[in-house]
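One structure below.
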2 protein chains.
Amino acid sequence: MSNFEAFFDYIQEISGKVLSEDDKHLLMAHFKTKKLRKRQYFLQEGDVCKYIGFIVKGSARTFTVDEKGHEHILKLSLENWWLADFESFYLLTPSRFNIEALEDLEVLQSTNAQIEEFLKHIPAFSAMANVISQNYTIANQKRMQAAMSYTAEERYEDLVSNYPQFLQRFPQNMIASYLGLSPETLSRIRKNSFK
Amino acid sequence: MSNFEAFFDYIQEISGKVLSEDDKHLLMAHFKTKKLRKRQYFLQEGDVCKYIGFIVKGSARTFTVDEKGHEHILKLSLENWWLADFESFYLLTPSRFNIEALEDLEVLQSTNAQIEEFLKHIPAFSAMANVISQNYTIANQKRMQAAMSYTAEERYEDLVSNYPQFLQRFPQNMIASYLGLSPETLSRIRKNSFK
DNA sequence: TCATGGTCTTGATCTAAATCAAGTTATTTG
DNA sequence: CAAATAACTTGATTTAGATCAAGACCATGA
């Protein structure tokens with residue numbers, strides 16, 4: 001119950017619309033609470049991402065492993081973020097990504113088919129989806145620009161000012177990987193920036 | 001007129017829905033043809049991106065200029081692609097990007113306010129918007145992964161297999177910039193790959 | 001409680017790709 | 001058509017950041 005309160009608030013705030021009691025019951029009937037312990041996987045490479053999850057508590061990382069066995073973190077996620085490999089989720093193709101809990105994780109999850117229903121029947125939900133999709137497009141554009149035009153230092157400064165929570169919640173080596181850096185390089189950047 | 005035929009076909013194909021005669025008239029009334037000659041700008045850094053354009057003919061690049069005066073191409077666009085800085089277009093903030101015609105360009109353009117109307121009143125248009133937004137999310141995810149995990153060679157091979165048209169339509173130095181490489185490096189990669 | 005494995009730092013070395021430079025080939029445009 | 005400008009190649013040099021290596025500082029659980 002209390003899980004859903006935060007979820008409902010989130011939908012109403014993002015969408016700027018109100019959820020009716022019927023809407024809420026529909027959501028509660030089809031979003032299931034899923035708990036994962038630290039280091040458990042929400043999604044494994046090769047599996048189809050059947051569920052999309054809304055993070056109620058905890059954090060996660062989305063990453064790939066390249067041929068040399070190196071991990072690359074594409075996304076770090078916290079409370080009130082959505083968790084999924086959207087390519088696999090939309091197209092029902094096997095995922096190239098892994099999603100792993102970095103802290104004990106609690107999500108509200110549902111299936112693609114159910115999401116389609118919510119979009120059709122719950123105006124606040126579909127308005128939220130539009131806003132999120134805009135935000136994602138904008139965030140992706142920014143991240144791509146940063147990856148192409150910025151130096152390692154600049155990318156770190158950017159993260160410090162845009163996602164200060166990350167520094168509190170994620171170990172430094174995860175942040176390095178998210179920025180596309182080796183842990184050693186990030187350590188040196190931080191050392192230099194103390195002056 | 002004939003411009004609009006291709007546009008209508010595109011909307012119907014992507015959305016999987018049919019446009020009524022009324023829908024078509026609404027679109028024709030509010031999408032204006034805009035022609036740009038090679039090297040003219042569809043959008044200049046600092047301006048708000050008031051229009052979104054659908055490319056009927058020609059090509060364009062979206063790029064930034066960094067402090068050192070270096071250009072970075074974030075997007076290369078061809079026929080049947082949408083042209084805009086979405087951040088600026090959605091939020092009405094000044095753009096950090098330039099959009100320049102690389103060939104003589106013909107677009108059908110409209111404003112944010114008008115697009116909202118189309119989304120509200122034309123089911124095929126709003127279905128199209130959802131599909132495009134999915135495709136963008138997927139494409140961005142892939143591009144980000146490529147930027148983080150792939151070497152220069154791999155990124156080029158990826159482009160050759162996923163966007164072979166680019167090789168026909170864009171000069172090599174533009175492709176280099178799109179891949180985040182210097183023109184010299186791309187030239188050497190191509191030389192090596194002939195064996 | 002201590003030992004075991006993960007995390008962070010610091011230094012030395014290496015490497016992929018950028019930069020600098022100069023010449024060659026194409027494309028525009030007056 | 002010639003002149004000018006842009007695009008491409010090739011070689012020499014530099015550099016940002018990766019990799020390798022080793023020690024210090026932790027958590028956390030048996």
Side-chain angles (χ1 to χ4, degrees), chain A residues 37-40 59 61 63-73 76 100-104 146-160 166-195, chain B residues 36-40 58-61 63-73 76 100-105 146-160 166-195:
Chain A
R37 306 212 40 222
K38 186 172 174 168
R39 296 216 186 91
Q40 283 189 301
S59 60
R61 63 177 180 136
F63 68 100
T64 45
V65 182
D66 68 23
E67 324 79 73
K68 283 167 216 131
H70 295 155
E71 296 181 353
H72 302 273
I73 296 182
L76 289 171
E100 182 199 27
L102 289 178
E103 301 169 326
D104 290 353
M148 297 201 57
S149 322
Y150 291 2
T151 63
E153 276 94 333
E154 288 167 334
R155 295 206 300 281
Y156 178 67
E157 295 306 336
D158 213 46
L159 178 125
V160 169
F166 280 18
L167 301 176
Q168 316 304 320
R169 295 287 290 276
F170 300 111
Q172 207 168 295
N173 59 350
M174 298 288 164
I175 290 181
S177 174
Y178 175 76
L179 292 172
L181 299 175
S182 69
E184 292 94 333
T185 296
L186 181 55
S187 174
R188 285 184 253 261
I189 286 172
R190 285 167 51 88
K191 192 182 171 192
N192 285 333
S193 71
F194 282 128
K195 26 145 241 234
Chain B
L36 292 177
R37 306 210 41 221
K38 187 172 173 170
R39 294 216 189 92
Q40 284 190 300
S59 60
R61 64 177 179 136
F63 68 99
T64 45
V65 182
D66 68 23
E67 324 79 73
K68 282 166 216 133
H70 295 157
E71 296 180 353
H72 302 273
I73 296 182
L76 289 170
E100 182 199 26
L102 288 179
E103 301 169 327
D104 290 354
L105 185 65
M148 296 201 59
S149 322
Y150 291 3
T151 63
E153 277 93 335
E154 288 167 334
R155 294 206 301 281
Y156 177 67
E157 297 304 335
D158 214 44
L159 178 124
V160 170
F166 281 18
L167 302 175
Q168 315 304 320
R169 295 289 290 276
F170 300 111
Q172 208 169 294
N173 59 349
M174 298 289 164
I175 290 180
S177 174
Y178 175 76
L179 292 172
L181 299 175
S182 70
E184 294 94 331
T185 297
L186 181 55
S187 174
R188 285 185 252 262
I189 285 172
R190 284 168 51 87
K191 192 182 169 192
N192 285 332
S193 71
F194 283 127
K195 23 147 242 227

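Naming convention: chains lettered A, B, ... in sequence-line order (proteins, then strands); numbering from 1 in each chain. The basis for the numbers below is simple: all heavy atoms, side chains too, and nothing from hydrogens, waters or symmetry mates.
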TODO: Would you mind telling me which of A:L179, A:L186, A:V160 makes a side chain to side chain contact (heavy atoms under 4.5 Å, CB included) with A:R155?
DONE: A:L179
Check nucleotides 27-30 of chain C against the protein and report each pair of N or O atoms closer than 3.5 Å, with its distance, or say if there are none.
residue : atom : partner : partner atom : Å
C:dT28  : OP1  : B:K38   : NZ           : 3.4

Task: B:S149: side-chain hydrogen bond (donor to acceptor under 3.5 Å, both in side chains) partners, not counting sequence neighbours - done: none
- [ ] Quick one: pull up CG in B:L36 and CG in B:L102 and give me the separation to the nearest 0.5 Å.
- [x] 11.5 Å
Open item on the list: Could you tell me how far apart A:L179 (CG) and D:dA16 (P) are, to the nearest whole angstrom?
Closed with: 18 Å
Could you go over nucleotides 19-25 of chain C and give all protein N or O partners under 3.5 Å, atom names and distances?
residue : atom : partner : partner atom : Å
C:dT19  : O4   : B:R188  : NH2          : 3.1
C:dC20  : N4   : B:E184  : OE2          : 3.1

Open item on the list: Rounded to the nearest 0.5 Å, what separates atom OG1 in B:T64 from atom OH in A:Y150?
Closed with: 8.0 Å
Task: Whole-Å gap separating P (D:dA6) and CD (B:E103) - done: 18 Å
Task: Which nucleotide in C:dC8, D:dC8, C:dG11 has an atom nearest any side-chain atom of B:Q172 - done: D:dC8
Open item on the list: Once side chain to side chain contact (heavy atoms under 4.5 Å, CB included) is applied, do any residues pair with A:E103, and if so which ones, sequence neighbours excluded?
Closed with: A:S59, A:R169
- [ ] Whole angstrom is fine here: how far is it from CG in A:L186 over to P in D:dT19?
- [x] 15 Å
Task: Between C:dC8 (P) and A:I189 (CD1): distance, integer Å - done: 14 Å
Task: Pairing residues for B:A147 by the side chain to side chain contact (heavy atoms under 4.5 Å, CB included) criterion, not counting sequence neighbours - done: A:M144
Open item on the list: Whole angstroms only, please: what is the CG-P distance between B:L181 and D:dA7?
Closed with: 17 Å
Task: Set of ring-ring contact (aromatic ring centres under 6.0 Å, His included) partners for A:Y156, sequence neighbours left out - done: none
- [ ] Within residues 150-160 of chain A, find the residues that approach DNA chain D with a heavy atom at under 4.0 Å, and present them sorted by residue number.
- [x] A:T151, A:A152, A:E153
TODO: Give a yes/no on whether any side-chain N or O of A:N173 is located under 4.0 angstrom from OP1 or OP2 of C:dC8.
DONE: yes
TODO: Work out how much the helix from C:dT9-D:dA22 to C:dG30-D:dC1 bends between its end axes, five pairs an end, to the nearest 10 degrees.
DONE: 40°
- [ ] State which residues pass ring-ring contact (aromatic ring centres under 6.0 Å, His included) with A:F63; sequence neighbours excluded, sorted by chain then number.
- [x] none
Task: Whole-Å distance separating the CE atom of A:M174 from the C1' atom of C:dG6 - done: 10 Å
Can you list, pair by pair, the side-chain donor-acceptor contacts under 3.5 Å of residues 171-178 of chain A, counting residues two or more places apart and other chains?
residue : atom : partner : partner atom : Å
A:Q172  : OE1  : A:R190  : NE           : 3.2
A:S177  : OG   : A:I73   : N            : 3.0

Task: Rounded distance (Å) that lies between atom P of D:dC8 and atom CD1 of B:I175 - done: 9 Å
- [ ] Write down the atom of B:E157, the atom of B:S193, and the distance for their closest heavy-atom approach.
- [x] OE2-CB, 4.1 Å
TODO: Nearest 0.5 Å please: distance from the CE atom of A:M148 over to the CG atom of B:L181.
DONE: 8.0 Å
Task: For A:A146 against A:D158, the heavy-atom pair lying closest together - done: CB-OD2, 4.4 Å
TODO: Send over the distance from A:D66 CG to D:dT19 C1', rounded to a whole Å.
DONE: 14 Å
TODO: Give a yes/no on whether any side-chain N or O of A:K191 is located under 4.0 angstrom from OP1 or OP2 of C:dT9.
DONE: no
Open item on the list: Would you compute the distance between atom NZ of A:K68 and atom CG of A:D66 and round it to the nearest 0.5 angstrom?
Closed with: 6.0 Å
TODO: Just jot down the salt bridge (Lys or Arg N to Asp or Glu O under 4.0 Å) partners of A:E100, sequence neighbours excluded, or say none.
DONE: A:R61
- [ ] Could you tell me which non-hydrogen atom of A:R37 sits nearest to which non-hydrogen atom of A:Q40, and how far apart they are?
- [x] N-OE1, 2.6 Å
Distances for protein N/O vs nucleotides 23-25 of chain D N/O pairs under 3.5 angstrom?
none

